[in-house]
Amino acid sequence: MSTRSTDLSVRRLPGLPRHFLTGAELSAAELAALIDRALELKAGPDSSAVLARRSVALIFQQPSTRTRLSFEAGIEELGGHAIVLRTEDLQLSRGESVRDTAYVLSRHVAAIGIRTGHEEVVSELAAHASVPVINMLSPRDHPCQALADLLTLREAFGHLEGLKLAYVGDGNNVARSLATIAPLAGVEVRLASPVGYALADPPPGAALTEDPREAATGVDAVYTDVWVSMSDEPDSAAARGRALAGYRIDDELLDPAAPGANALHCLLAHPGEEISAEVLYGPRQRIWDQAENRRHAQKALLELLVR
């Protein structure tokens with residue numbers, strides 16, 4: 001009797017749905033092709049109709065601005081229809097299982113996106129869905145953001161191989177996805193966090209330090225995120241602010257970076273906390289390009305998964 005792997009981070013066997021949960025599902029060649037395709041789709045937004053007369057379910061169990069906008073607009077540009085489902089829209093709120101929800105959704109849509117505060121919801125959906133499942137954000141991973149980040153770097157520098165990126169601040173899901181996906185494109189990732197806030201179980205090859213200036217020296221991009229993520233306790237804000245105050249991206253932290261280095265931020269931002277207003281709204285950043293590039297990178301991902 002044949003068995004199939006229960007490790008949902010590996011690529012699927014032929015005939016089984018292809019999921020995108022952590023980014024580790026992609027090979028280096030697939031990632032390179034995806035970024036190339038995202039550039040093409042950005043240049044020609046209406047050049048693909050891969051989702052014509054098909055729908056994609058987007059489950060939002062947490063608030064969203066960029067993820068919802070970019071997925072809805074991208075699916076429309078691909079000729080499809082986005083069905084947005086909040087927690088209160090689904091019978092999950094009345095005790096229906098994730099398994100049964102996956103079975104029903106798979107009969108109606110070409111793919112399922114899930115944004116949730118519960119890691120097990122992502123893995124269970126993927127285990128039972130017969131269509132691709134996309135992790136739009138979970139406590140552990142934010143792989144769609146990392147695709148947009150790489151697209152932004154590719155636009156800025158014309159290549160990815162050999163670039164260096166420093167992530168400074170809380171070792172959260174964004175840091176994990178960068179450390180998982182960026183090395184596939186030949187990008188060196190350095191993670192700088194204070195004691196108690198470093199990325200737990202970092203992917204192999206990630207360089208960890210407590211010194212943000214050391215991490216930023218000579219890099220092509222310096223990246224940060226909010227000090228309190230959606231999966232963190234709100235009561236921890238004061239303690240986090242004290243611990244992370246030295247990890248703010250400002251002109252002083254950008255100065256030891258390579259000439260032409262850019263600041264990156266996945267947003268939302270709190271000017272004056274994790275990033276200065278001068279950097280956020282100034283010429284040394286590609287942050288608003290990142291926000292737009294979510295759409296183009298995710299369109300290329302959808303093409304890959306649903307063809």
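Computed from a predicted model, the values in this text were never measured in an experiment.
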Hydrophobic clustering (ILVMFWY, side-chain heavy atoms < 4.5 Å, transitive) - are Leu184 and Leu199 grouped together? yes
Main-chain N/O of Arg240 paired with Ser236 side-chain donor or acceptor, under 3.5 Å: no
Are any of the side-chain heavy atoms of Gln290 and Asp149 separated by less than 4.5 Å? yes
Run Glu30 and Arg37 through salt bridge (Lys or Arg N to Asp or Glu O under 4.0 Å) and show every step you take. CA-CA 10 Å; Glu30 287 171 329; Arg37 182 58 179 152; over 6 Å; no
Once you round to the nearest 0.5 Å, how far does CD1 of Ile249 lie from OG of Ser276? 8.5 Å
Is there side-chain contact between Leu165 and Glu188, with at least one heavy-atom pair below 4.5 Å? no
For atom CD of Glu96, decide whether the heavy atoms of other residues, nucleotides or ligands shown that lie under 6.0 angstrom number more than 12. yes
Would Asn135 and Ser138 count as having a side-chain donor-acceptor pair, cut-off 3.5 Å? yes
Will you find, in the side chains of Arg107 and Tyr103, an N or O donor that is under 3.5 Å from an N or O acceptor? no
For the residue pair Glu155 and Asn293, confirm or rule out a side-chain donor-acceptor distance under 3.5 Å. yes
About how many Å separate CG of Leu153 and CG of Leu264, when rounded to the nearest 0.5 Å? 5.5 Å
Are Asp225 and Asn172 close enough that a side-chain donor and a side-chain acceptor fall under 3.5 Å? yes
Tyr167 and Tyr223 aromatic ring geometry - parallel, tilted or perpendicular at 30°/60° bounds: tilted
Determine, step by step, whether Ile59 and Thr116 satisfy the side-chain contact (heavy atoms from CB on, under 4.5 Å) criterion, reporting the C-alpha distance in whole Å, the side-chain angles of both residues, the deciding distance to 0.1 Å, and the verdict. CA-CA 8 Å; Ile59 302 173; Thr116 181; over 6 Å; no
Connected to Val226, directly or through other members, by ILVMFWY side-chain contacts below 4.5 Å are Leu268
Is there a donor-acceptor contact under 3.5 Å linking the side chains of Arg66 and Ser70? no
Main-chain N/O of Glu292 paired with Lys42 side-chain donor or acceptor, under 3.5 Å: no
Taking the side chain as every heavy atom from C-beta outward, state whether Asp141 and Ser177 have any pair of such atoms under 4.5 Å apart. yes
Cluster check Leu147, Leu41: I/L/V/M/F/W/Y, side chain < 4.5 angstrom: no
When hydrophobic residues are tied together by side-chain contacts of less than 4.5 Å, even through go-betweens, does Phe157 share a cluster with Val222? no
Residues Asp289 and Thr152: side-chain donor-acceptor under 3.5 angstrom: no
Is there a side-chain contact (heavy atoms from CB on, under 4.5 Å) between Phe20 and Leu26 once you walk through the steps? CA-CA 8 Å; Phe20 185 72; Leu26 297 176; 3.8 Å; yes
Does any donor atom in the side chain of Glu274 or His265 lie under 3.5 Å from an acceptor atom in the other side chain? yes
Atom pair OG1 (Thr101) and CD (Glu124), whose distance is rounded to the nearest 0.5 Å: 9.0 Å
Can you see which heavy atom on Ala110 is nearest to which on Arg54, and at what distance? CB-CD, 4.0 Å
Point-to-point distance, once rounded to the nearest 0.5 Å, from OG of Ser130 to CD1 of Ile112: 7.5 Å
Locate the shortest heavy-atom distance separating Ala102 from Ala129; write the atom from each residue and the value. CB-N, 3.8 Å
Report yes or no: does Tyr197 contribute a side-chain atom to a donor-acceptor pair with the main-chain N or O of Ala192 at less than 3.5 Å? no
Residues Arg295, Glu77; criterion salt bridge (Lys or Arg N to Asp or Glu O under 4.0 Å); working and verdict: CA-CA 10 Å; Arg295 180 169 95 255; Glu77 288 179 349; 3.2 Å; yes
Is the shortest side-chain heavy-atom distance between Leu150 and Leu34 below 4.5 Å? no
Do Val56 and Ile83 have side chains that get closer than 4.5 Å, going by heavy atoms? no
Derivation of the side-chain contact (heavy atoms from CB on, under 4.5 Å) call for Val187 and Ile181: CA-CA 9 Å; Val187 178; Ile181 300 174; over 6 Å; no
Any donor-acceptor pair under 3.5 Å from Arg115 side chain to Pro63 backbone: yes
In terms of side-chain heavy atoms, does Ser48 have a donor or acceptor partner in Glu303 at a distance below 3.5 Å? yes
I'd like to know if the side chain of Ser193 reaches the main chain of Gly169, judged simply by a donor and an acceptor atom lying under 3.5 Å from each other, with no hydrogens or angles considered. yes
I'd like to know if the side chain of Thr67 pairs up with that of Arg294 as donor and acceptor (distance under 3.5 Å, no hydrogens or angles considered). yes
Between the OG atom in Ser97 and the CZ atom in Arg99, the distance rounded to the nearest 0.5 Å is 7.5 Å
Note: Cys144 and Gln298 closest approach over all heavy atoms is CB-OE1, 3.6 Å
Flag the pair Leu151 / His296 as yes when at least one side-chain heavy-atom distance between them is below 4.5 Å, and no otherwise. yes
Checking the side chain of Arg190 only, and the main-chain atoms of Thr217 only, is there a donor and an acceptor separated by less than 3.5 Å? yes
I'd like to know if Val219 and Leu160 are part of one continuous hydrophobic network [Ile/Leu/Val/Met/Phe/Trp/Tyr, side-chain heavy atoms within less than 4.5 Å]. no
Between the main-chain N or O of Ala126 and the side-chain N or O of His19, is there a donor-acceptor pair closer than 3.5 Å? yes
Verify the cluster assignment for Leu178 and Leu244: are they in a single hydrophobic cluster under the rule of side-chain heavy atoms below 4.5 Å apart? no
Heavy atoms of Leu21 and Val133 approach each other most closely as CD2-O, 3.7 Å
Looking at Ala206 and Ala179, what are the two nearest heavy atoms and their distance? CB-CB, 4.0 Å
Any heavy-atom pair between the side chains of Trp288 and Leu280 that's under 4.5 Å? yes
Run the side-chain contact (heavy atoms from CB on, under 4.5 Å) test on His128 and Val98 for me, step by step, so that the C-alpha distance in whole Å, both residues' side-chain angles and the decisive distance to 0.1 Å come before the verdict. CA-CA 8 Å; His128 298 294; Val98 174; 6.0 Å; no
Applying salt bridge (Lys or Arg N to Asp or Glu O under 4.0 Å), run through Asp201 and Arg176 and close with a yes or a no. CA-CA 9 Å; Asp201 302 321; Arg176 181 178 304 284; 5.5 Å; no
If you look at every heavy atom in Ala269 and Ile275, which pair is closest and at what distance? CB-CG2, 4.3 Å
Are His270 and Trp227 side-chain neighbours, meaning at least one heavy-atom pair lies under 4.5 Å? no
Output the distance between atom CD (Glu273) and atom OG1 (Thr224), rounded to the nearest 0.5 Å. 11.0 Å
Distance-only check: which donor-acceptor pairs under 3.5 Å involve side-chain atoms of residues 84-93, not counting sequence neighbours?
residue	atom	partner	partner atom	Å
Asp89	OD2	Arg86	N	2.8
Gln91	OE1	Arg94	NH1	3.0
Ser93	OG	Leu90	O	2.9

